[in-house]
There are 2 protein chains.
Amino acid sequence: MCGIACQNAGMDIVSSKPSGVRARKRQETLERIAETGLRLFSRNGYEATTLDAIAEGAGISRRTFFHYFKSKEEILLDWQLRGFSASLRKAVLAQPAGKGPVEVVRDAMLILSDGFRTQEFISIDRVLRSSETLKARKQATYGLHEQALYATLMERWPDPDRGATLRLVAMASLGAMRLAIEAWIQAGGDRPVDSFLHAAFDGLASEFGKPS
Amino acid sequence: MCGIACQNAGMDIVSSKPSGVRARKRQETLERIAETGLRLFSRNGYEATTLDAIAEGAGISRRTFFHYFKSKEEILLDWQLRGFSASLRKAVLAQPAGKGPVEVVRDAMLILSDGFRTQEFISIDRVLRSSETLKARKQATYGLHEQALYATLMERWPDPDRGATLRLVAMASLGAMRLAIEAWIQAGGDRPVDSFLHAAFDGLASEFGKPS
DNA sequence: GAATATTTTTGCATCGAGTGCGATTTGGCC
DNA sequence: GGCCAAATCGCACTCGATGCAAAAATATTC
């Protein structure tokens, strides 16, 4: 539960000093572990990378690792969550008024879609698809993103009666994004991500918009 | 990968004898393990149930367990997959012609929704929600259901050009079902499952059907 | 029915992830 | 300097999972 987010909790609450050196070293160590882990995962595979190897590469003991990450998988979880949910929230709230929820989410995702092109994203996504356990974790992360997006949408349209439909919007939008990314990777990255994202939302509209 | 489905593969293909006693005993053992596991999970919790306990309860050795299930989690995975994907496929293919994909899937799900009321379903679903790892697995299973449903839809509408939209239909429909079940469990089971399912599909139609 | 082949079961040794505990070190604070 | 709290570490341990080879159960052949 406590990845990168809460290592310096209390700083802003208690008036005691931020304790400069400690927080900085802790931050550095955290990043060093994550970096080392992701690098070894990409190079040698996830299963083949032992905690001992990560610990040694990061210059800490095996035991200390667990003071920074709850598990080996959490390195990947943390990476997935690090930026995306937060930036999606920002992009959603920055959308102009007058649009409906679906359009808002779609346009926000289109803005973020550049981030999927990076070598880091593609490389780590390959790791995420390399084993059943990790695929499960990846799916689960989409669940977390779904919750986060739902919360953001409720923040923007704070009508309790819309809760259920906003949940649906979050679910279907993130699903559309997931399928768009999958199709894009499948296609080898020729066409831009945007076009897949557009196609996905258009597809949803045409299939679910019909008179029932 | 090989749960209950393939333990007697070859029986129907090769003309060699079905080997009566072996297949039957194997089947019995498999069911005994699954039963024991699910019972212990529901009673004592997932983490607290060790493989030794399951093995002892099923009357086998710890090592033999792994000849029937690849992992402890697979007992739950298997249970989830056992019926649902297959019956959904059946229900989808049994729908009358003339309906669109979304209606077909929705109506098929409405038929199956009775199965969610059972005590077994509710009890095991509680186990599935009891830890982060299992929640991840549950989400992943929806991914497998998604693949299966997509395959079924492609079977019914074998137009390669529709592949992308049928994938979207499978994704959004199963997502709608998931949210409907969650809402139903959240509500304590007062209103019937059907109404939540209807509401979810209607919600998708009204949100995504708007002119963009 | 006995001998043989194949599958199933089992015990044992081993690996790796994860946890609890207590000792030691390090940084913050007076 | 000395005191407190936090970080690091080593160690022992549990548990899930795998490889291997022997033993037991079942199927097959003559």
Is [X] reaching over with its side chain to a backbone N or O of [Y], donor-acceptor style, under 3.5 angstrom?
{"X": "Ser173(B)", "Y": "Val169(B)", "value": "yes"}
{"X": "Ser123(A)", "Y": "Gln119(A)", "value": "no"}
{"X": "Arg156(B)", "Y": "Gln95(B)", "value": "yes"}

**OP:** Please report the C-alpha distance between Gln186(B) and Glu182(B) in whole Å, then the side-chain angles of each, then the deciding distance to 0.1 Å, and finally whether the side-chain hydrogen bond (donor to acceptor under 3.5 Å, both in side chains) criterion is met.
**Re:** CA-CA 6 Å; Gln186(B) 192 70 23; Glu182(B) 279 175 18; over 6 Å; no
**OP:** With sequence neighbours excluded, give me every salt bridge (charged side-chain N to carboxylate O under 4.0 Å, His left out) pair touching residues 34-62 of chain A.
**Re:**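 Every candidate salt bridge (charged side-chain N to carboxylate O under 4.0 Å, His left out) pair involving residues 34-62 of chain A fails, so no pair, neighbours aside, qualifies.
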**OP:** Could you name each residue pair satisfying salt bridge (charged side-chain N to carboxylate O under 4.0 Å, His left out) that touches residues 119-131 of chain B, not counting sequence neighbours?
**Re:**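 Counting only pairs at least two positions apart or across chains, the salt bridge (charged side-chain N to carboxylate O under 4.0 Å, His left out) contacts touching residues 119-131 of chain B are Asp125(B)-Arg129(B), Asp125(B)-Lys138(B).
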Taking NZ, NE, NH1 and NH2 as the nitrogens, is one of them in [X] or [Y] under 4.0 Å from a carboxylate oxygen of the other?
{"X": "Lys70(B)", "Y": "Glu132(A)", "result": "no"}
{"X": "Arg117(A)", "Y": "Asp194(A)", "result": "yes"}
{"X": "Arg89(B)", "Y": "Glu155(B)", "result": "yes"}

Original post:
Which value, rounded to the nearest 0.5 Å, describes the distance between Leu179(A) atom CG and Leu204(A) atom CG?
Top reply: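 If we round to the nearest 0.5 Å, Leu179(A):CG and Leu204(A):CG are 8.5 Å apart.
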Taking [atom1] from [X] and [atom2] from [N], how many angstroms apart are they, rounded to a whole number?
{"X": "Arg24(A)", "N": "dG28(C)", "atom1": "CZ", "atom2": "P", "result": "9 Å"}
{"X": "Phe66(A)", "N": "dC21(C)", "atom1": "CZ", "atom2": "P", "result": "16 Å"}
{"X": "Phe69(A)", "N": "dT19(C)", "atom1": "CZ", "atom2": "P", "result": "15 Å"}
{"X": "Glu73(A)", "N": "dG16(C)", "atom1": "CD", "atom2": "C1'", "result": "14 Å"}
{"X": "Lys72(B)", "N": "dA17(D)", "atom1": "NZ", "atom2": "P", "result": "8 Å"}

Anything under 3.5 Å between a protein N or O and an N or O of nucleotides 8-11 of chain C, put it in a table, one pair a line.
from    : atom 1 : to       : atom 2 : distance (Å)
dT9(C)  : OP1    : Tyr68(B) : OH     : 2.9
dT9(C)  : OP2    : Tyr68(B) : OH     : 3.0
dT10(C) : OP2    : Ser61(B) : N      : 3.0
dT10(C) : OP2    : Thr64(B) : OG1    : 2.8
dG11(C) : O6     : Arg63(B) : NE     : 3.4

Subject >> Interface with DNA chain D, restricted to residues 40-58 of chain B and to heavy atoms under 4.0 Å >> reply: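 DNA chain D contact set from residues 40-58 of chain B: Thr49(B), Thr50(B), Leu51(B).
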**OP:** Scan residues 123-133 of chain B against DNA chain D and write down, sorted by residue number, each residue with any heavy atom closer than 4.0 Å; if none is found, say none.
**Re:**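 Per residue number, the list is empty: none.
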Original post:
Got a sec, which pairs hit ring pair (Phe, Tyr, Trp, His ring centres under 6.0 Å) with one end in residues 36-65 of chain A, sequence neighbours left out?
Top reply: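 Pairs touching residues 36-65 of chain A that pass the test: Phe41(A)-Tyr46(A), Phe65(A)-Phe69(A).
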